[in-house]
Protein chains: 2
Amino acid sequence: MKNRTIESAWRGAERCKNCAIRHLVLFADLTHDDFDRIHHPIDDIEFKPGSRVYLQGDEMPFVYTVRSGLIKLVQHLPNGDRRIVRILSQGDLAGLENLDGQPASHEAVTMDHVRVCRIPRSIIASLKRDTPRLHDALLQRWQKALSGADNWITRLSTGNARSRVARLLLLLDENSEDDSFFLPTREDMGAMLGITTESASKMTAGFRRNGLLKPLEDHRAWIDERELKKQFD
Amino acid sequence: MKNRTIESAWRGAERCKNCAIRHLVLFADLTHDDFDRIHHPIDDIEFKPGSRVYLQGDEMPFVYTVRSGLIKLVQHLPNGDRRIVRILSQGDLAGLENLDGQPASHEAVTMDHVRVCRIPRSIIASLKRDTPRLHDALLQRWQKALSGADNWITRLSTGNARSRVARLLLLLDENSEDDSFFLPTREDMGAMLGITTESASKMTAGFRRNGLLKPLEDHRAWIDERELKKQFD
DNA sequence: CGCGCAATTGAGTTATATCAAATACGGTGG
DNA sequence: CCACCGTATTTGATATAACTCAATTGCGCG
């Protein structure tokens, strides 16, 4: 029994060593020795669009490294309002905020097809003790999350609806490797910007009529980045 | 010369060991050995209300532990809009976001009389290498800053102006040791909530007329926490 | 092809911004 | 201690942007 578990763990670590996007993920700088310390399985999991990875209030025995796709972090207010506070993409960690053992502070929902690595928190805890390399990787994740949150406040929650939508489009565009980017539903745009679905729709439709935004197939879109930057930001 | 510098450094570390609020600050869990590694002076600095601790874009050779008072972190947008994204109080670190050497992402301005410890970044860097205790203390600061930022988005940047002001008052009240709390200027309240100075004033005046808010001397105030919580969350 | 959901659009309402004026307040100097 | 000045706050009238509610159109998927 114990043998089988350990076998599985080793296979997990082996996969990590050869991970195609390892340079982007939490374990980027780990050595072979570090990997040999991993005695629990790391699973590769896929989610369909709109899947809940975890719920606000959940116990969090795992963190999730995003391999591909987008995950939204949603916070619900007691009065029923909800607000999307962050978007996670490749290399980001879902559950970072709860590494200390606190229950989940957000609901995590996939926006498109998503692949993640599910990492037991115990692995993080034990590696953290032994290797400063993981420490630095974690600090980088915190850093990115925090500056992202600050931008969310100043750029996406300030000014009129038109500016907010424009700055959201610019942000989505910048974060995309591709020339195009994933265009969220109007409802999600509203929840990111603190405006109604209808307002998000009106502004988006306006940009489309101006030729600043061109929807493509498969929920993706293109923007005239130069012109949009000139008018807003 | 070199001697004098080292003397000063040792005095700095000595003061840290005996700091009255050490249980609250970054160096809470350091051992005597850790302090002996500090070879640069840590200075105790005071600021009058409205002082700029650093400016957006500044190089950041220091971080600042808040000993007493409140510091606002302000971000300026290219179009002139500005938004307060965080309030730092006792035990918080100003400059946390720039420990990696990036120029300051915010402007830091004191809201009242403030005392800080100015810590050279080099000290953090060298201690970080040697002691996991500082690492954990830093992680805690990141954690607090990030959950604070998320709350800022969901509670202070969502809903109508009245709710936002109410939730700001509740937040200020919670973070205060005292029964009373520091009431910011209406302009600052507006910059925190993404509303105009006049709107912040109207809502505040409304609460005062309802008896939910009572201004005290010295820019401080009291709120009917129970009733405010019942009406707004 | 049609069903269901998402997006768009419009009309009417409301909240907030804007502009302007009056009042209160804090600090300073006589 | 009081009078005065500059600044912050309050208040009101009006304009405007966003919300609300409702109907229509568009789109993807079975």
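Because the structure is predicted, anything quoted here is derived from the model rather than measured. Chain identifiers are assigned alphabetically (A, B, ...) following the order of the sequence lines, protein sequences preceding nucleic acid strands; residue numbering begins at 1 within each chain.
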Report task. Show your working on side chain to side chain contact (heavy atoms under 4.5 Å, CB included) between B:Phe232 and B:Val165 and close with a plain yes or no. Result -> CA-CA 10 Å; B:Phe232 306 92; B:Val165 171; over 6 Å; no
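Between A:Gly159 and B:Thr204, the one whose closest nucleotide on DNA chain D sits nearer the 5' end is B:Thr204. Nearest-nucleotide positions on DNA chain D place A:Met203 closer to the 5' end than the other of A:Met203 and A:His219.
Residue contacts shown for B:Ser201 include a base, since a base heavy atom lies under 4.0 Å away. Using a 4.0 Å heavy-atom distance criterion, A:Arg164 is classed as making no nucleic acid contact. Note on B:Arg162: nothing from the nucleic acid sits closer than 4.0 angstrom, heavy atoms only.
With hydrogens and angles disregarded, a donor-acceptor distance shorter than 3.5 Å links the side chain of B:Thr110 to the backbone of B:Gly50.
Residue A:Arg208 has no polar side-chain atom (N or O) positioned under 4.0 Å from OP1 or OP2 of C:dA7. Within the 4.0 Å cut-off from OP1 or OP2 of C:dA7, at least one side-chain nitrogen or oxygen of A:Arg186 is found.
Comment: B:Asp92 does not engage B:Arg141 in a salt bridge, judged by the lack of any side-chain N to carboxylate O separation of less than 4.0 angstrom. The pair A:Arg86-B:Asp150 counts as a salt bridge, with a side-chain nitrogen and a carboxylate oxygen less than 4.0 angstrom apart. At a threshold of 4.0 Å, the pair A:Asp173-A:Lys229 does not count as salt-bridged, since none of the basic side-chain nitrogens sits closer than that to a carboxylate oxygen.
Separating the CZ atom of A:Arg209 from the P atom of C:dG10 is a distance of 8 Å, rounded to the nearest angstrom. Between the C1' atom of C:dT8 and the CG atom of A:Leu213 lies a distance of 14 Å, rounded to the nearest Å. Taking atom NZ of residue B:Lys48 and atom C1' of nucleotide C:dG27, one finds them 13 Å apart after rounding to whole Å. Whole-Å rounding puts the A:Glu198 CD to C:dG12 C1' distance at 14 Å. Between the CG atom of A:Asp218 and the C1' atom of C:dA6 there is a distance of 16 Å, rounded to whole Å.
Atom CZ of B:Arg162 is surrounded by 12 or fewer heavy atoms from other residues, nucleotides or ligands within 6.0 Å. Counting non-hydrogen atoms of neighbouring residues, nucleotides and ligands closer than 6.0 angstrom, the CZ atom of B:Arg52 reaches no more than 12 such neighbours. Environment of NE2 in A:His219: sparse, with no more than 12 heavy atoms of neighbouring residues, nucleotides or ligands closer than 6.0 Å.
Distance from the side chain of A:Lys202 is smallest to C:dA11 among C:dA7, C:dA11, C:dT16. The side chain of B:Thr196 sits closest to C:dA17 out of C:dA17, C:dT8, C:dT16.
Axis angle, first five pairs versus last five pairs of the helix from C:dC1-D:dG30 to C:dG30-D:dC1: 40°, rounded to 10°.
No side-chain heavy atom of A:Lys17 sits less than 4.5 Å from a side-chain heavy atom of A:Phe27.
Along DNA chain D, the stretch of nucleotides lying under 4.0 Å from any heavy atom of chain B spans, 5' to 3', D:dT9 to D:dA13.
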